[in-house]
Number of protein chains: 2
Amino acid sequence: MVQKTKKPPSAAKIEAPVAPKRRGRPRAYEPEVALGKALDLFRRDGFAATSLDDLSAATGMNRPSLYGAFGDKRELYIKSYQRYRDDARAAMVDIFRADAPLRERLERIYRIALDIYLSGESGPRGCFTVMTAASEAVSDPDIRAMVLEGLTELDKAFGICFRHAKERGELPDGADPASLAHLASATIHTIAIRARARVPRGELEAIVKGAVDVMCRAK
Amino acid sequence: MVQKTKKPPSAAKIEAPVAPKRRGRPRAYEPEVALGKALDLFRRDGFAATSLDDLSAATGMNRPSLYGAFGDKRELYIKSYQRYRDDARAAMVDIFRADAPLRERLERIYRIALDIYLSGESGPRGCFTVMTAASEAVSDPDIRAMVLEGLTELDKAFGICFRHAKERGELPDGADPASLAHLASATIHTIAIRARARVPRGELEAIVKGAVDVMCRAK
DNA sequence: AGTTTTTTGTACCATTTCGCATTAAATTCC
DNA sequence: GGAATTTAATGCGAAATGGTACAAAAAACT
């Protein structure tokens with residue numbers, strides 16, 4: 001939703017939006033939105049507590065269609081998680097790349113994070129990674145690898161932020177960008193957990209503000 | 001295991017260890033250890049993915065006995081969680097009460113936390129609160145209340161630590177104990193999540209060290 | 001010994017779960 | 001119009017799940 005809007009100037013319209021005239025009966029669902037619904041369910045209830053019937057009802061697809069489109073339950077879970085990470089990354093990457101003062105960048109990142117964790121009709125939905133890490137990462141190596149990847153990716157992004165800020169003189173010389181990055185990630189994690197326990201947004205914002213203060217003044 | 005060893009000098013032996021001669025058939029299990037086994041299972045697999053058969057096998061109790069002793073699955077889950085919190089609190093309360101320099105207290109707390117999160121035969125077991133918060137806290141009000149209680153309890157304990165340190169002059173005047181306490185909790189949370197993803201102890205210790213450095217020097 | 005009380009152990013039930021087999025529907029190509 | 005192809009819809013089935021009924025077992029009390 002962020003960069004893909006830029007279409008190649010040549011061959012303007014015959015690209016993705018127009019169906020390429022598939023051969024058989026047309027599907028009654030859109031894979032993208034169906035995956036979004038599945039994602040919401042998995043995020044709310046976790047892997048084990050989400051049944052195929054639930055998924056079928058939420059997506060509007062019956063079970064055989066689910067299988068045909070996404071594979072079995074575990075594959076659907078993994079695809080949902082990938083989708084979640086793609087969305088989250090897309091929402092944050094511009095801020096991480098932007099050339100703004102440290103404090104402003106942090107504040108914008110955390111605002112996005114809060115938006116992600118607190119949105120949803122039936123209560124806050126929290127963070128898929130925390131859910132996943134908590135539930136499946138121990139036993140499932142593939143999921144664990146994704147979780148690890150997500151964790152280090154966030155650490156790295158924050159790390160670049162702080163290193164950049166230090167080079168610009170926004171941080172004292174003694175500041176350690178790596179440690180600050182871990183603290184910034186930790187703040188993401190604590191917010192995700194607290195959001196799950198329905199801590200109201202105001203309190204979460206206060207926690208964020210305090211953390212940002214410490215991280216920006218850090219010697 | 002910490003304070004209860006001190007027995008009242010009078011009526012020395014006729015207390016708890018000797019059974020009070022119950023009337024019927026004696027039980028074949030010890031509730032304490034059975035609850036410990038159940039706790040381990042729930043902690044590893046979560047509520048939904050842990051079946052009564054699993055619990056029965058792990059505790060050595062058959063299902064009717066489980067019901068008789070602990071109630072249904074949800075009650076057993078809640079009792080397990082209570083037990084977990086009691087254990088964790090017991091392991092930390094002395095350190096929180098102790099009169100030591102800030103840095104030393106923090107290091108000791110995090111060492112205990114790592115011991116808790118990394119122990120276990122089949123991989124690290126992580127933190128029950130993070131598991132629980134992630135899985136059940138949204139839908140179950142009772143569990144959510146327990147999670148919230150645990151979160152604020154930790155915040156408060158750290159808060160007392162930092163306020164104490166500030167009064168002693170271990171922190172600069174500008175330091176905000178509440179914010180630092182939240183950062184200290186956040187460090188606990190990030191460690192719990194990473195331990196779940198099998199990040200090795202050495203890396204977790206490095207993260208802790210960096211966080212402690214920042215928190216102790218915080219202006 | 002016999003009664004009472006408490007726990008164990010087996011077996012069962014209704015429901016849910018995942019996955020798939022099979023048939024019906026809707027579309028394109030010839 | 002008819003064949004081919006892709007999807008939808010129904011429903012089956014084997015296994016697992018949470019929970020319980022019921023009888024046998026093991027202890028204390030009388």
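Here the structure is a predicted model, which means the values were calculated and not measured.
- As rounded to whole Å, 14 Å separates atom P of C:dC20 from atom NZ of A:Lys73.
- Rounding to whole angstrom units, OH of residue A:Tyr67 and P of D:dT7 are separated by 18 Å.
- Note: CG (A:Leu66) to P (D:dT10) measures 15 Å, nearest angstrom.
- Under the side chain to side chain contact (heavy atoms under 4.5 Å, CB included) rule, A:Tyr77 has a single partner from A:Thr132, A:Asp140, A:Thr50, which is A:Thr132.
- Within residues 37-59 of chain B, no residue has any heavy atom closer than 4.0 Å to DNA chain C.
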**Message:** Walk along nucleotides 21-30 of chain D from 5' to 3' and tag each nucleotide B, S or - by protein heavy-atom contact under 4.0 Å, base first, then sugar-phosphate.
**Reply:** B---BBBBS-

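- In this structure, the nucleotide among D:dT10, D:dT20, C:dT8 sitting nearest to the side chain of B:Tyr29 is C:dT8.
- Using a 3.5 Å distance cut-off with no hydrogens or angles, the side chains of B:Ser56 and B:Asp53 do not pair a donor with an acceptor.
- Counting non-hydrogen atoms of neighbouring residues, nucleotides and ligands closer than 6.0 angstrom, the NZ atom of B:Lys37 reaches no more than 12 such neighbours.
- A:Arg63 places its CZ atom 13 Å from the P atom of C:dT16, with the value rounded to the nearest Å.
- Other residues, nucleotides and ligands contribute more than 12 heavy atoms inside 6.0 Å of the CD atom of B:Glu104.
- B:Thr129 and B:Tyr84 form no side-chain donor-acceptor contact under 3.5 Å, judged by distance and modelled atom types alone.
- Note that the CG atom of B:Leu52 and the OG1 atom of B:Thr59 stand 10.0 Å from one another [nearest 0.5 Å].
- The CD atom of A:Gln82 lies 10.5 Å from the CZ atom of A:Phe128; values are rounded to the nearest 0.5 Å.
- Residue A:Asn62 has a polar side-chain atom (N or O) positioned under 4.0 Å from OP1 or OP2 of D:dA9.
- Distance, A:Arg27 CZ to C:dA25 C1': 17 Å, rounded to whole Å.
- By the 6.0 Å contact criterion, CD on B:Glu75 is enclosed, its count of non-hydrogen atoms from other residues, nucleotides or ligands being greater than 12.
- For the residue pair B:Asp155 and B:Thr152, no side-chain donor N or O sits within less than 3.5 Å of a side-chain acceptor on the partner.
- With rounding to whole Å, A:Glu75 atom CD is found 14 Å from C:dC18 atom C1'.
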